[in-house]
Amino acid sequence: GSVVGSMLCVQHPDIAVDAFISLSGPACRFYDLMLRGAERRAVDGVMQFGPTKIPMDLYCKAIDVARYGTPPPDELKALPFGFHTMDQASQRYLRDYDAVDNSAMMAKIQCPVLIVQGGADMSVWFENGEMLAAARNQSSSTTQTAYFPDLDHFYKKVGTDTVDERISALA
């Protein structure tokens, strides 16, 4: 959402967006976010997906295959799933998405921006919000931030099913 919204604001200025709210926006390209997440979750260089263990070097190779559209090396063929196993249309979609640096896009947005980020977000870590705000430093338009240390990616407190009312109050 944040990446698509940023692209809309920058690539279609004729739409004249009055203000943009970035919710849990990544500050980097998609596969870079996936790699950083994998590095954080890996234990002794191994990612655990349910009962399946994948060494980080193979995970990185799977991302390279998907990112660049290259044929998978033989060692990846034994993995039951991964970015490299997706159909070609899905891989093309993610390659296009991966080509967008959201920090660069956010820096170019000409309207006021509100960056909202949860501190318990395990998909798009808290520092992504800080990096997006830093990318806006040179903007002539205002940038505000709303950080919620106890909320996850969907703005819920961990273990609950309800969006926190503070998020609704932002509008």
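Since we're looking at a predicted model, the values are computed, not measured.
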What do the steps show when you test Arg166 against Asp150 for salt bridge (charged side-chain N to carboxylate O under 4.0 Å, His left out), and what is the final call? CA-CA 11 Å; Arg166 294 174 290 174; Asp150 56 334; 2.9 Å; yes
When you look at Phe154 and Asp121, which way does the side chain to side chain contact (heavy atoms under 4.5 Å, CB included) test go after all the steps? CA-CA 8 Å; Phe154 300 104; Asp121 189 334; over 6 Å; no
Leu151 and Ile167: side chain to side chain contact (heavy atoms under 4.5 Å, CB included), yes or no, with the steps? CA-CA 10 Å; Leu151 300 183; Ile167 300 303; 4.1 Å; yes
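Taking each heavy atom of Ala38 and Tyr59 in turn, the nearest pair found is CB-CE2, 3.3 Å. Contact between Thr145 and Ala133 at its shortest, heavy atoms only, is CG2-CB, 3.8 Å. Ala135 and Ala107 get closest at one heavy-atom pair: O-CB, 3.3 Å. Here the closest non-hydrogen pair linking Ala27 and Ser103 is O-OG, 2.6 Å.
If you chain together hydrophobic residues whose side chains sit under 4.5 Å apart, Val3 and Val116 never meet in one group. By the criterion of side-chain heavy atoms lying less than 4.5 angstrom apart, applied directly or through intervening Ile, Leu, Val, Met, Phe, Trp or Tyr residues, Tyr155 is not grouped with Val113; the two fall into different hydrophobic clusters. In this structure, Val124 is a member of the same hydrophobic cluster as Met105, with clusters built from ILVMFWY side-chain heavy atoms closer than 4.5 Å. In this structure, Met7 is a member of the same hydrophobic cluster as Met106, with clusters built from ILVMFWY side-chain heavy atoms closer than 4.5 Å. A continuous path of hydrophobic side-chain contacts links Tyr93 to Ile63 [ILVMFWY only; heavy atoms under 4.5 Å].
Counting only heavy atoms from C-beta outward, the side chains of Val46 and Ile54 never approach each other to under 4.5 Å. Val65 is listed as a side-chain neighbour of Thr70, based on a closest heavy-atom distance under 4.5 Å. Residues Ser141 and Ile109 form no side-chain contact, since every pair of their non-hydrogen atoms from C-beta on lies 4.5 Å or further apart. With contacts defined as side-chain heavy-atom distances shorter than 4.5 Å, the pair Asp164/Lys157 qualifies.
Qualifying ring-ring contact (aromatic ring centres under 6.0 Å, His included) partners for Tyr68, counting only residues two or more places apart in sequence or in other chains: none. Residues passing the salt bridge (charged side-chain N to carboxylate O under 4.0 Å, His left out) test with Lys53: none are found, sequence neighbours excluded. By the side-chain contact (heavy atoms from CB on, under 4.5 Å) test, Ala42 is found to be paired with Met47, Met56, residues two or more places apart in sequence or in another chain being considered. Shown here are the ring-ring contact (aromatic ring centres under 6.0 Å, His included) partners of Tyr31, two or more places apart in sequence or in another chain: Phe83. By the ring-ring contact (aromatic ring centres under 6.0 Å, His included) test, Phe81 pairs with Phe49, sequence neighbours left out. For Asn102, the side-chain hydrogen bond (donor to acceptor under 3.5 Å, both in side chains) partners at least two apart in sequence or on another chain are Ser2, Ser6. Thr143 is linked by a side-chain hydrogen bond (donor to acceptor under 3.5 Å, both in side chains) to Arg136, counting only residues two or more places apart in sequence or in another chain. Not counting sequence neighbours, Glu39 has no partner by the salt bridge (charged side-chain N to carboxylate O under 4.0 Å, His left out) test.
Rounded to the nearest 0.5 Å, atoms OG1 (Thr142) and CG (Leu114) are 9.5 Å apart. Between Ser123 atom OG and Asp152 atom CG the span is 8.5 Å, to the nearest 0.5 Å. Interatomic distance, CZ of Arg92 versus CG of Leu94, reported as 11.5 Å (0.5 Å rounding). The distance from the CG atom of Leu33 to the SG atom of Cys28 is 5.0 Å, given to the nearest 0.5 Å.
In this structure, the side chain of Ser24 engages the main chain of His153 through a donor-acceptor pair within 3.5 Å. Listed for the Asn137 side chain is a donor-acceptor partner under 3.5 Å among the backbone atoms of Ala134.
Sorted by first and then second residue, the salt bridge (Lys or Arg N to Asp or Glu O under 4.0 Å) pairs involving residues 98-117 (not counting sequence neighbours) are Arg29-Asp98, Arg67-Asp98. Sorted by first then second residue, the ring pair (Phe, Tyr, Trp, His ring centres under 6.0 Å) pairs that include residues 122-145, not counting sequence neighbours, are Phe126-Tyr147. A side chain to side chain donor-acceptor pair (under 3.5 Å) check over residues 77-87, counting only residues at least two apart or in different chains, returns the pairs Asp74-Lys77, Asp87-Ser90.
Open room surrounds CD on Gln144; 12 or fewer heavy atoms of other groups in view lie less than 6.0 Å from it.
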Using atom types as modelled, flag every donor-acceptor pair under 3.5 Å from a side chain in residues 8-15 to any protein atom, sequence neighbours excluded.
none

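Using a 30° and 60° split on the angle between ring planes, Phe30 and Tyr97 fall in the tilted class, from 30° to 60°.
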